[in-house]
Structure formats: C-alpha cells, structure tokens
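Order of listing sets the numbers, starting from 1, for every ligand and every atom in it. If you're wondering where the values come from, they're calculated on a predicted model, not measured in any experiment.
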Amino acid sequence: MTADTAHGGHHHHDHHGSHGSPGEMVSVEAHLADILSTVRRLTPIQLAISEAEGCVLAEDVAASRPLPPFDNSAMDGYAVIAADVAEASKDTPVTLRVSGEVAAGDTGAYAVTPGSCLRITTGAKLPAGADAVVPVEDTDGGVAQVAIRIPVTAGDSVRYSGGDARQGEVLLPAGTRLSPMQIAVLAASGRARADVYPRPRLAVLSTGNELTDPGRPLAPGKIWDSNSYMLTAAAREAGCLAYRHGPIPDDPLEMLPAIEDQLLRADLIVTSGGVSMGGEHDVVKETLSRLGTVSFRKVAMQPGMPQGFGTIGEDRTPIFTLPGNPVSAYVSFQLFVRAALGALQGQPDQRLPAVPATVTGPLRSPPGRRSYLRGVLDVAEGTVVPLTGQGSHQIATLGRANALIVVPEWVVQMNEGDSVEVLVLP
Ligand code: AMP
Ligand code: MG
C-alpha cells in the first residue's frame with residue numbers, strides 16, 4: 001500500500017471486536033482472553049546456556065547422568081572404613097596408616113584397606129573400600145598416620161551418586177524461565193545448549209504532535225516523550241529485545257511506513273497515543289485499519305480505558321495501541337502486553353504477582369470500572385499506602401509507586417484497614 005492511498009482515507013474504519021458496540025465496555029478478563037487466544041507462541045530456538053538467561057525452556061531437561069555422577073567426599077578429611085573407627089573417641093583415638101591422598105579431580109584407582117585410610121578433599125571420588133569420611137577437624141591432621149577422634153558410620157560425609165538427582169530425572173520442565181539457578185542446573189547436567197523460546201522482539205512507537213525527545217528544548221505546547229522510553233524499558237525488564245521508535249507525528253503519511261517497517265523485525269508492536277475515543281487527531285486507528293484487524297474498545301478499568309489490540313501484516317503480528325497518558329500506558333503494559341509476551345513464550349498465565357494487603361488510608365474508584373491505583377507496598381507490614389495524585393497523567397506518582405492497588409469494579413470507596421489485592425510491580 002502506498003502512502004498516498006493511506007492518506008486518502010475518507011472514512012474511519014473502526015473495527016469493533018466481538019464484544020459489543022462502541023460505548024459498551026468489556027471487562028479486563030474478556031480483553032485479556034481475546035489477547036491470549038490471538039497470540040501464538042514463537043518457534044523455539046537453540047541457545048548456548050551463556051545466552052539463555054531470562055528465556056523460557058521449550059523442552060524438558062533431564063539429568064543425562066546421576067548427580068553427583070560418582071560417590072564423593074563431602075569434607076576435607078580421611079576416607080576410612082567405618083568399622084575401623086567405630087570405637088574411636090576423643091580420649092581413645094584410633095590410629096590409622098595414611099596410604100596417600102586423593103584430591104578432587106583425581107582419576108586414579110585408589111583403594112582403602114583395613115587399618116589404613118587416604119587423605120581426601122571435598123569432591124574427590126570415594127576410594128574403593130572406603131565407606132565414610134572423617135572430617136580433618138576430628139583428627140590430629142597426621143600425614144603418615146592419623147589419630148581419629150570420633151566414631152563414624154558408613155555414609156558419613158559421603159555424597160552418593162544420584163543423591164542429588166537420578167539419571168533421567170526431569171530437572172527443569174518445559175516452561176521454566178531460566179534464572180541463574182536454572183542456568184546452573186543446565187550446566188551441572190552437562191548441557192551446553194538448550195531449546196528455548198526466543199526473546200520476543202518488541203517494537204515501541206510513540207505518537208503525538210506534542211512529543212519532543214528528552215534532551216531537546218521544549219517549545220510551548222510540547223511535552224517530552226516519556227512513553228517510548230518507559231515501554232522500551234518495561235519490555236526489556238520483561239525479557240524482550242526492545243526497539244524504540246521516537247515520536248511520530250499524528251499523520252498517517254508518517255505513521256503508516258513507520259509501523260510497516262516494524263513488521264519486518266518485530267514479534268509484537270506497541271504504540272502509545274492517538275486512540276482516544278473519537279478524537280479527530282487519532283490517526284493510529286485510521287492507519288491500522290489499512291494494515292490488519294485491530295479492534296478498539298473500552299475496557300472497564302481505570303486508568304487505561306481505551307485499548308486497541310489486533311494483528312497486522314502478512315504474519316499477523318500482534319499489535320497493542322495503548323492510550324497516551326503515561327500511567328495508562330504503563331498499567332496497560334503490565335496487564336496486557338506482559339500477558340502477550342508470556343503467550344509468545346509459551347507461558348499464557350504470566351502475570352504480575354498479587355499479594356493481599358491492608359490499605360492505610362481512604363481511596364475512591366469509579367463504579368463499573370476496575371481501578372489500578374499507584375501505591376507503596378510494605379511487604380513486611382502487609383500494608384499499602386495509596387498515593388495522592390492518581391490522575392493518569394501524573395507521572396510523578398508513578399515514580400514513587402512499587403505496587404498497584406486493585407479496586408474491584410463495583411467498589412467505589414475504601415477506608416483505612418480494608419483488605420485489598422495488590423499487584424507487585426517488577
Ligand atoms: P492520546 O492518547 O494521544 O490522546 O494522549 C493522551 C495524553 O497522553 C495527552 O495528554 C498526551 O499528550 C499524552 N501523551 C501521549 N503520548 C505521550 C508520550 N509518549 N509521553 C508522554 N505523554 C504522552
Ligand atoms: Mg495523541
């Protein structure tokens with residue numbers, strides 16, 4: 001499609017979704033369900049484990065060997081035959097001949113015979129014949145011979161093969177997000193690579209004639225663009241490769257090619273601004289009606305009521321058109337875009353963690369809409385302070401919040417001491 005035809009629009013294609021006529025609101029859950037039923041998981045790729053942190057496993061990872069792979073010592077000390085030292089005590093130590101030393105990594109064939117022992121280090125293979133280890137601190141530390149001051153029984157200070165995991169045991173099921181702990185498990189089980197969902201590539205575009213890049217002087221009537229930076233950062237925090245496209249004017253001639261360009265590289269596109277209800281400058285709707293099927297609707301929430309979601313381009317790339325007010329855009333990202341990112345990685349139930357808390361002061365919420373109010377959660381106290389300045393343009397309050405207080409649709413007021421659900425912000 002040429003930019004010319006794009007600009008020749010004389011009609012407003014408003015694609016309303018399956019959820020009623022314009023003006024009618026859909027619930028947060030219904031909107032989320034539409035998103036999750038549309039977004040397809042990405043094709044898994046193989047990544048080196050050094051590159052895989054933050055990705056989601058697309059395969060079950062099982063232990064290829066028992067862990068540990070061989071019986072070994074849990075302590076620095078002496079590998080003994082437990083029966084030899086069964087009577088040892090501080091007052092009547094048992095003396096054994098020390099026939100040598102076995103260290104971690106030694107591959108030689110060592111053996112212990114009755115009356116003798118081997119010095120051994122932590123992680124060294126337990127010598128043939130030995131069935132226990134006496135920690136060095138319970139001996140005199142002797143080199144040619146050693147006085148053992150405690151009795152031990154078979155298995156003491158021994159880490160048995162398979163005692164951590166059996167061969168074939170699933171260590172990490174598909175769907176596991178790989179944190180450093182899980183990277184350790186992959187490495188310890190000998191895996192150099194793993195099948196994972198690739199990091200979603202997310203393109204962010206902000207729209208609005210009033211937007212100026214931070215760092216540039218501000219002309220009267222203009223504001224600095226915060227959304228594109230915020231959304232790109234939120235996407236990276238959520239494990240994406242995020243690309244930011246600076247402010248696009250409210251002009252389909254400029255917007256159409258900018259969005260089309262993103263189709264080449266993005267698994268998901270997020271725009272901000274330009275979707276207010278019925279505004280004549282709202283060119284995002286007009287532009288997208290030429291590229292795919294995007295429905296614009298009112299979601300019964302505050303902030304973030306005007307939401308657009310659908311797919312565009314040959315690959316049916318999912319696109320979110322988020323409202324321009326920064327708090328609305330942020331809340332929308334955490335509720336909806338985050339869920340879509342999970343779905344791209346085979347994790348459709350990815351949500352912000354929710355905890356119960358007690359509000360420390362009064363708060364208000366409009367009837368029929370679920371509010372997400374910025375608050376300061378004290379996990380230890382189990383309290384949440386509702387911040388003042390809850391307007392959806394009030395970004396200063398966003399900078400002080402660490403949580404969103406969820407006020408159900410039909411609750412219009414809460415008071416100090418009331419119980420709420422709180423979403424913990426990442
Ligand atoms: P819109 O959704 O375009 O009608 O914008 C709603 C409000 O959000 C207006 O006050 C805009 O100036 C503001 N806004 C839109 N985009 C941004 C942005 N990228 N950064 C900060 N504020 C924005
Ligand atoms: Mg705008």
Report task. For the pair F309 and F320, name the ring-plane relationship: parallel under 30°, tilted 30 to 60°, perpendicular over 60°. Result -> tilted

Report summary line: Under 4.0 Å from one or more heavy atoms of D225, ligand 1 contributes atoms 18 (C), 19 (N), 20 (N)

Query raised in the report: Is the shortest N/O to N/O distance between N325 and ligand 1 below 3.5 Å?
Result: yes

Report task. May I ask you to establish whether R201 and Y243 are in a cation-pi arrangement, using a distance under 6.0 Å from NZ or CZ to the six-membered ring centre and at most 45° from the ring axis? Result -> no

Query raised in the report: Which residue owns the protein heavy atom closest to atom 20 (N) of ligand 1, what's the atom, and how far is it?
Result: S226 N, 3.1 Å

Query raised in the report: For ligand 1, which atoms have a heavy atom of S272 less than 4.0 angstrom away?
Result: 19 (N)

Report task. For Q307 and S332, test the side chains for any donor-to-acceptor distance below 3.5 angstrom and give the result as yes or no. Result -> yes

Query raised in the report: Can you find an N/O atom of G324 closer than 3.5 Å to an N/O atom of ligand 1?
Result: yes

Query raised in the report: To which protein heavy atom is atom 17 (C) of ligand 1 closest, and what is the distance rounded to 0.1 Å?
Result: N227 ND2, 3.3 Å

**Report entry** Residues which pass ring-ring contact (aromatic ring centres under 6.0 Å, His included) with F333, listed by chain and number, not counting sequence neighbours
**Finding:** none

Query raised in the report: Heavy-atom contacts under 4.0 Å between A329 and ligand 1: side chain, backbone, both, or neither?
Result: neither

Report summary line: For D195, the side chain to side chain donor-acceptor pair (under 3.5 Å) test, sequence neighbours excluded, returns none

Requested in this report: Just jot down the ligand 1 atoms closer than 4.0 angstrom to any heavy atom of S206, in number order.
Outcome: 19 (N)

Report summary line: A student checking ligand 1 against I223 at a 4.0 Å heavy-atom cut-off should list atoms 12 (O), 21 (C), 22 (N), 23 (C)

**Report entry** Residue of the set D213, D225, T271 for which side chain to side chain donor-acceptor pair (under 3.5 Å) holds with S206
**Finding:** D225

Report task. Mark the output for G208 as yes if a heavy-atom distance to ligand 1 is under 4.0 Å, and as no if none is. Result -> no

Query raised in the report: Without hydrogens or angle criteria, can the side chains of Q347 and R41 be said to hold a donor-acceptor pair below 3.5 Å?
Result: no

**Report entry** Atom pair CG (L322) and OG1 (T207), whose distance is rounded to the nearest 0.5 Å
**Finding:** 10.5 Å

Requested in this report: Starting at CG of L47, measure out to CD of E53 and round the result to the nearest 0.5 Å.
Outcome: 12.0 Å

Query raised in the report: Which ligand 1 atoms does G274 reach within 4.0 Å, using its non-hydrogen atoms?
Result: 1 (P), 2 (O), 3 (O)

Query - Shortest protein heavy-atom distance from atom 9 (C) of ligand 1, along with the residue and atom involved - result: E210 OE2, 4.1 Å

Requested in this report: Could you tell me the residue and atom name of the protein heavy atom closest to atom 4 (O) of ligand 1, and the distance to it rounded to 0.1 Å?
Outcome: S276 OG, 2.6 Å

